[in-house]
Colleague: 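Below you will find the structure I want to go over with you.
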Amino acid sequence: MAVNVVAPRTRSLRAKPWGGEPTASTNSAALRRFTLGSLITLFALMLLAAYLSPFAYMGATSLKDLGMISDARTPLLPSAPATFTHEGRDYPVYRVPTAEGERALALIEPGREQSVFVDPADPQAQPIVWDGRWRQLTQEAILTPKWDNYGEAWSTLNFPRLLRNTLAIALIGGVGTVVSSIAVAYGFSRFRIPYKGLLFGILLATIVLPRFITLVPTYAVFAKIGWVGTWLPLIVPHFFANAYNVFLLRQYFLTIPSEIDEAAMVDGAGPLRILVSVLLPQAIPAIVAVGLFHFFFAWNDFLEPLLYLSARPDLQPISVGMQVFSALFAQRPHLIQASALLGMALPVAIFFVAQRVFLRGASLVGYSK
């Protein structure tokens, strides 16, 4: 009698990705994620290095003297040729290849094919005779930053006067920009105004209006009323709001629920009290962004101060003063770079101090009603 033996079925068990040994597909996915992340990080670092390289050059050049800049053999960093005093005389120090490796030695007797060196670390030792052409050696350099360049640029540029003028123009105009922009944005965001959409569209249309179109008629008006040669053309126009700032503040005000206004009105608050006590405390990021936008604009503005204050050096801001300084000291680039870094110091410091609030206010996306 034949008996059919049926082999038991076996189930193939696969390791689960979340338990046991990791599978090849899991390792491959992790490797791809790691490679992609590394490439993105490397690309970001390359972009950062390319962006910061001009500032690194400015910093290095500002710490050099004129001799370092004119010498093509001078390294990027502010360095001077190293010397060693031996028996009352200064001798240059070179990197000399020897049997013990490359050493820093002072050249005391140069020759065509054979020269004599002294070890600065042990000057009492026997002089070293080296076979070779010393002109092919690399001279040792030591880091010698010239911090006095900043003091010379500060005094030559009369930086305190330029800083005072720039801060006065930027801060007074900034107060006018913030106050007027808040008032206009509050009206467009909370009140019923006839043809409000049309008026707001006309206001926004002024953003695309080129600045140079209004430059000549504006100058003619200011010259007619006698404002040329004063700070008034640089300050007074900012008390009449700016389309971009109004748009930013209006969009922020629209993100604040109107029910809060209604609750304040029930408690007896008027429109001005609602603005001061309800809206403004919640709009601090947008207000700081508007203020910093104007501050950076006023700090970097060059055309209008040059146009209105060309005959008044005592009232010129830092942008015009540095341009005049660069023209007068074109043959001294180390002082020009030092003055440029001095002019950048305050805006960069303000940005880093207020960057969290500034970026939060500058990246707002509101909704319109």
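Hydrogens, waters and symmetry mates are skipped; everything else that's a heavy atom, side chains included, is used. From a predicted model like this one, the values you see are computed outputs, not experimental measurements.
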Colleague: For residues 299-312, which residue pairs pass the salt bridge (charged side-chain N to carboxylate O under 4.0 Å, His left out) check, not counting sequence neighbours?
Modeller: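 Passing the test, one end in residues 299-312: Arg211-Asp301, Arg211-Glu304, Arg312-Asp314.
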Colleague: Suppose clustering is done on Ile, Leu, Val, Met, Phe, Trp and Tyr with side-chain heavy atoms closer than 4.5 Å. Which residues sit in the same group as Trp134?
Modeller: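 Via sub-4.5 Å side-chain contacts, Trp134 links to Tyr94, Val96, Leu105, Leu107, Phe117, Ile128, Trp130, Leu137.
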Colleague: Does CZ in Phe240 sit with more than 12 non-hydrogen atoms of other residues, nucleotides or ligands closer than 6.0 Å?
Modeller: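 Counting other residues, nucleotides and ligands, CZ of Phe240 stays at 12 neighbours or fewer.
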Colleague: Is the number of heavy atoms from other residues, nucleotides or ligands under 6.0 Å of Phe352 CZ greater than 12?
Modeller: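 Count not over threshold, so no.
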Colleague: Quick one: does any side-chain atom of Thr166 pair with a main-chain N or O of Ile318 as donor and acceptor, under 3.5 Å?
Modeller: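 Yes: the side chain of Thr166 pairs with the backbone of Ile318.
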Colleague: Is atom CZ of Phe239 surrounded by more than 12 heavy atoms (other residues, nucleotides or ligands) closer than 6.0 Å?
Modeller: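 For Phe239, atom CZ is crowded (more than 12 foreign heavy atoms under 6.0 Å).
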Colleague: Just to verify, what does Ser62 make a side chain to side chain donor-acceptor pair (under 3.5 Å) with, not counting sequence neighbours?
Modeller: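 Expected list: Tyr150.
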Colleague: Does Arg133 have any side chain to side chain donor-acceptor pair (under 3.5 Å) partners at least two apart in sequence or in another chain, and if so, which?
Modeller: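 For Arg133 the side chain to side chain donor-acceptor pair (under 3.5 Å) partners, ignoring immediate neighbours, are Glu113.
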Colleague: Taking only residues two or more places apart in sequence, or in another chain, which ones meet Gln114 in a side chain to side chain donor-acceptor pair (under 3.5 Å)?
Modeller: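 Result, side chain to side chain donor-acceptor pair (under 3.5 Å) vs Gln114: Asp131.
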Colleague: Do Arg103 and Glu140 pass the salt bridge (Lys or Arg N to Asp or Glu O under 4.0 Å) test, and can you show the C-alpha distance, the side-chain angles, and the key distance before you say yes or no?
Modeller: CA-CA 10 Å; Arg103 300 171 59 185; Glu140 186 79 353; over 6 Å; no
Colleague: Which Ile, Leu, Val, Met, Phe, Trp or Tyr residues join Leu31 in one cluster when any pair of side-chain heavy atoms under 4.5 Å counts as a link?
Modeller: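 Hydrophobic cluster check, Leu31: no partners found.
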Colleague: Does the side chain of Leu204 reach to within under 4.5 Å of the side chain of Phe200, using non-hydrogen atoms?
Modeller: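 The answer is yes, as the side chains (C-beta and beyond) meet within the 4.5 Å cut-off.
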Colleague: Trp299 and Leu167: side chain to side chain contact (heavy atoms under 4.5 Å, CB included), yes or no, with the steps?
Modeller: CA-CA 8 Å; Trp299 189 275; Leu167 287 177; 4.1 Å; yes
Colleague: State, yes or no, whether a side-chain contact exists between Leu45 and Thr41 at a heavy-atom distance under 4.5 Å.
Modeller: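 Yes, their side chains come closer than 4.5 Å.
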Colleague: Go through the steps to decide whether Leu272 and Val276 satisfy the test side chain to side chain contact (heavy atoms under 4.5 Å, CB included), and finish with yes or no.
Modeller: CA-CA 6 Å; Leu272 182 60; Val276 174; 4.2 Å; yes
Colleague: Sequence neighbours left out, what passes side chain to side chain donor-acceptor pair (under 3.5 Å) with Arg164? Give chain and number order.
Modeller: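 By the side chain to side chain donor-acceptor pair (under 3.5 Å) rule, Arg164 matches no residue at all.
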Colleague: Taking the side chain as C-beta and beyond, is there a heavy-atom pair between Tyr186 and Arg250 under 4.5 Å?
Modeller: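 The answer is no; the side chains never approach within 4.5 Å.
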Colleague: Would you say that Met265 contacts Arg273 through its side chain, given a criterion of any heavy-atom pair below 4.5 Å between the two side chains?
Modeller: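 Met265 does not reach Arg273 side chain to side chain.
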Colleague: Could you state whether Val320 and Leu307 fall into the same hydrophobic cluster, counting links through intermediate Ile, Leu, Val, Met, Phe, Trp or Tyr residues with side-chain heavy atoms under 4.5 angstrom apart?
Modeller: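 Different hydrophobic clusters.
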Colleague: Verify side chain to side chain contact (heavy atoms under 4.5 Å, CB included) between Arg190 and Ile256, making sure each step is shown before the conclusion.
Modeller: CA-CA 10 Å; Arg190 284 298 193 267; Ile256 302 174; 3.8 Å; yes
Colleague: Going by atom type alone, with no hydrogens or angles, which donor-acceptor pairs under 3.5 Å involve a side-chain atom of residues 80-90 and a protein atom two or more places apart or on another chain?
Modeller:
{"unit_1": "Thr85", "atom_1": "OG1", "unit_2": "Asp90", "atom_2": "OD1", "d": "2.6"}

Colleague: Walk me through whether Gln337 and Lys64 qualify under side chain to side chain contact (heavy atoms under 4.5 Å, CB included).
Modeller: CA-CA 10 Å; Gln337 300 298 341; Lys64 295 181 179 180; over 6 Å; no
Colleague: Decide whether Ile182 and Ile172 are clustered together by the hydrophobic rule: side chain heavy atoms of Ile, Leu, Val, Met, Phe, Trp, Tyr closer than 4.5 Å, transitively.
Modeller: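 Unlinked, Ile182 and Ile172 end up in two clusters.
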Colleague: Between side-chain atoms of residues 224-237 and protein atoms elsewhere (two or more places apart, or another chain), which donor-acceptor pairs fall under 3.5 Å?
Modeller:
{"unit_1": "Thr230", "atom_1": "OG1", "unit_2": "Trp227", "atom_2": "O", "d": "2.6"}
{"unit_1": "Thr230", "atom_1": "OG1", "unit_2": "Leu232", "atom_2": "N", "d": "3.4"}
{"unit_1": "Trp231", "atom_1": "NE1", "unit_2": "Leu315", "atom_2": "O", "d": "3.0"}

Colleague: Using atom types as modelled and distance alone, determine if a side-chain donor or acceptor of Gln282 lies under 3.5 Å from a backbone N or O of Val278.
Modeller: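 Yes: the side chain of Gln282 pairs with the backbone of Val278.
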Colleague: By the rule that ILVMFWY residues connect when side-chain heavy atoms come within less than 4.5 angstrom, directly or transitively, which residues belong alongside Ile202?
Modeller: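 Ile202 clusters with Tyr195, Leu198.
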Colleague: So, do Phe253 and Phe188 have ring centers that fall under 6.0 Å from each other?
Modeller: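 Centroid separation for Phe253 and Phe188: 6.0 Å or greater.
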Colleague: Show me the pairs that pass ring pair (Phe, Tyr, Trp, His ring centres under 6.0 Å) and involve residues 306-325, at least two apart or across chains.
Modeller: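 Pairs touching residues 306-325 that pass the test: Tyr219-Tyr308, Phe222-Tyr308, Phe325-Phe329.
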Colleague: Kindly say whether Lys146 contributes a backbone atom to a donor-acceptor pair with the side chain of Asp65 at under 3.5 angstrom?
Modeller: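 Not at all, since once roles are kept as given, no pair shorter than 3.5 Å links the two residues.
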Colleague: Using 0.5 Å steps for rounding, measure from the CG atom of Asn245 to the CD1 atom of Ile287.
Modeller: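 It comes to 11.5 Å.
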Colleague: Considering only Ile, Leu, Val, Met, Phe, Trp and Tyr, and joining two whenever side-chain heavy atoms are under 4.5 Å apart, list the other residues clustered with Leu36.
Modeller: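 Its cluster mates, by chain and number, are Ile40.
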